There are 2 protein chains.
Amino acid sequence: MKQFPKAKERILSTASRLFYEQGFQATGINQIIEEAGIAKASLYQHFKSKDDLLLEYLTISDSKWFEHLKAFLPAKADGRAAILGLFDYRKKIALAGDSKGCAFIRVAYELPLLTHDALKIIQSHKSKLKNFIRSNIRILDNHAPKDAEELTELILNLYEGCGIQSTLLRSVEPIIGAKKIAKKLLN
Amino acid sequence: MKQFPKAKERILSTASRLFYEQGFQATGINQIIEEAGIAKASLYQHFKSKDDLLLEYLTISDSKWFEHLKAFLPAKADGRAAILGLFDYRKKIALAGDSKGCAFIRVAYELPLLTHDALKIIQSHKSKLKNFIRSNIRILDNHAPKDAEELTELILNLYEGCGIQSTLLRSVEPIIGAKKIAKKLLN
DNA sequence: GTCTATATATTGATAGAC
DNA sequence: GTCTATCAATATATAGAC
């Protein structure tokens with residue numbers, strides 16, 4: 001029988017939590033092993049380096065984010081409802097006590113000299129987000145493809161912009177306001 | 001006769017450059033003094049701590065940002081031209097070789113447990129930016145105040161959103177696209 | 001696989017001479 | 001005000017016993 005939770009999983013979940021709450025650089029290996037309750041050598045048994053831990057953190061955060069979005073949205077939400085649900089999703093996360101904004105933006109802005117691998121994961125995540133918006137715009141849009149693409153960019157920027165405002169102001173108001181605007185844009 | 005540049009100024013400009021290029025935590029006191037060409041004790045003669053250096057960096061960046069914007073915009077630009085100029089300003093900065101995105105967002109996202117003072121400077125900066133947009137919207141807007149405020153938020157989110165996209169993708173295309181959209185919104 | 005103990009480098013900050 | 005020398009703490013990472 002396998003232990004639950006296994007050491008590797010405990011390390012990864014602890015590191016993920018700390019990376020998000022404090023930032024990557026502000027989180028030391030020592031704090032991770034202490035809070036995970038394992039020895040330092042055990043961490044390096046499972047992860048090559050701290051950077052390796054970051055890659056796994058980003059990979060898992062990416063898949064979890066979309067899983068949770070899917071679980072959050074009403075089963076048959078598509079088109080307009082799906083896009084508006086995206087703002088509700090952001091609002092829900094922002095309201096969850098200790099939100100620090102988008103985890104991927106956090107890492108990208110903290111580490112301007114990011115490794116190629118880490119940046120690729122982040123860009124891939126945001127690309128999938130844009131695809132999500134685009135495909136739902138196309139469902140409802142009866143305009144030319146060019147207009148649909150422009151609306152996609154507008155909604156995406158509105159979404160990212162309100163996330164920034166919300167994080168800097170420590171308030172959900174920018175998200176609420178952005179959703180109202182999105183509602184009109186999608187009429 | 002005073003030296004030029006004085007030690008304090010050399011420290012601050014070196015620290016500012018490194019904070020922006022590498023991030024705050026990734027920049028050590030040792031690197032700052034080495035590149036500034038002064039002794040460590042001299043740094044602590046002028047600045048109480050590294051956090052103190054951060055506060056001065058943010059304060060100066062704030063005022064310089066608006067100075068440079070003013071200098072960048074055509075003398076009589078107001079209303080529509082001023083807002084579109086804002087996107088050109090962002091584009092110009094993004095094209096300047098080593099751009100790492102908005103300095104204030106960088107700090108806020110890197111340091112989620114920011115001191116009250118630092119966060120206040122950042123929020124103040126973004127508040128001034130919103131005021132800039134709002135006042136220029138009001139010049140051209142003949143709608144109700146409520147609509148003007150909504151348009152202000154939309155433009156602000158569009159501006160911040162394209163900054164994020166541009167930084168993550170290492171491309172100016174999101175800024176160019178956002179300006180096109182802004183142009184239509186302001187018609 | 002997990003542990004203790006250690007290695008080496010670097011961190012932010014200070015004491016005290018000049 | 002500027003310097004050299006040094007501080008204690010912490011960083012990431014590894015060696016080797018069990």
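Predicted, not measured: the structure shown is a model, and the values here were computed from it. Lettering of chains follows the sequences in order, A, B, ..., and the numbering in each one begins at 1.
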Is the terminal nitrogen or CZ of B/K70 (NZ for Lys, CZ for Arg) located under 6.0 angstrom from the six-membered ring centre of B/Y89 and within 45° of that ring's axis? no

Of the listed nucleotides C/dC3, D/dG1, D/dA13, the one nearest the side chain of A/A39: C/dC3

Check which hydrophobic residues are tied to A/L113 through side-chain heavy-atom contacts below 4.5 Å, counting indirect links as well, and list them. none

Residues forming a side chain to side chain contact (heavy atoms under 4.5 Å, CB included) with B/K50, sequence neighbours excluded: B/F19, B/F24, B/I29

Got a sec, which residues hit side chain to side chain contact (heavy atoms under 4.5 Å, CB included) with B/S99, two or more places apart in sequence or on another chain? B/Y20, B/I93

Without decimals, in angstroms, what is the distance between [X] [atom1] and [N] [atom2]?
{"X": "B/Q45", "N": "D/dT2", "atom1": "CD", "atom2": "P", "value": "7 Å"}
{"X": "B/L54", "N": "C/dG12", "atom1": "CG", "atom2": "C1'", "value": "14 Å"}
{"X": "A/H46", "N": "D/dT14", "atom1": "NE2", "atom2": "C1'", "value": "16 Å"}
{"X": "B/L53", "N": "C/dT11", "atom1": "CG", "atom2": "P", "value": "15 Å"}
{"X": "A/F47", "N": "D/dT14", "atom1": "CZ", "atom2": "C1'", "value": "18 Å"}
{"X": "A/K8", "N": "C/dG1", "atom1": "NZ", "atom2": "P", "value": "9 Å"}
{"X": "B/E9", "N": "D/dT2", "atom1": "CD", "atom2": "P", "value": "12 Å"}
{"X": "A/L18", "N": "D/dA11", "atom1": "CG", "atom2": "P", "value": "12 Å"}

Please tabulate, for the side chains in residues 79-87 of chain A, all donor-acceptor contacts under 3.5 angstrom to protein atoms that are two or more places apart in sequence or on a different chain.
| from | atom 1 | to | atom 2 | distance (Å) |
| --- | --- | --- | --- | --- |
| A/R80 | NH2 | A/K183 | O | 3.2 |
| A/R80 | NH2 | A/N187 | OD1 | 3.4 |

Identify whether the distance between the nearest side-chain nitrogen and carboxylate oxygen of A/E35 and A/R17 falls below 4.0 Å. yes

Report, one pair per line, the protein and nucleotides 14-18 of chain C atoms (nitrogen or oxygen only) whose separation is under 3.5 Å.
none

Which residues share a side-chain hydrogen bond (donor to acceptor under 3.5 Å, both in side chains) with [X], sequence neighbours left out:
{"X": "A/R134", "answer": "A/N131, A/E149"}
{"X": "A/K184", "answer": "B/E150"}
{"X": "A/E160", "answer": "A/K126"}
{"X": "A/H125", "answer": "A/D62"}

Show me the side-chain donor-acceptor pairs of residues 161-173 of chain B shorter than 3.5 Å, one per line, residues at least two apart or across chains.
| from | atom 1 | to | atom 2 | distance (Å) |
| --- | --- | --- | --- | --- |
| B/S166 | OG | B/S171 | O | 2.8 |
| B/T167 | OG1 | A/Y109 | OH | 3.1 |
| B/T167 | OG1 | B/G163 | O | 2.8 |
| B/R170 | NH1 | B/T167 | O | 2.9 |
| B/R170 | NH2 | A/P112 | O | 3.2 |
| B/S171 | OG | B/E173 | N | 3.0 |

Do any side-chain nitrogens or oxygens of B/S42 fall under 4.0 Å of OP1 or OP2 in D/dC3?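 Looking at the OP1 and OP2 atoms of D/dC3, one of them is under 4.0 Å from a side-chain N or O of B/S42.
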
The correct set of residues in residues 107-120 of chain B placing a heavy atom under 4.0 Å from DNA chain C is none

Which ones in residues 25-34 of chain B lie close to DNA chain C, meaning a heavy atom under 4.0 Å from one of its atoms? B/T27, B/G28, B/I29, B/N30

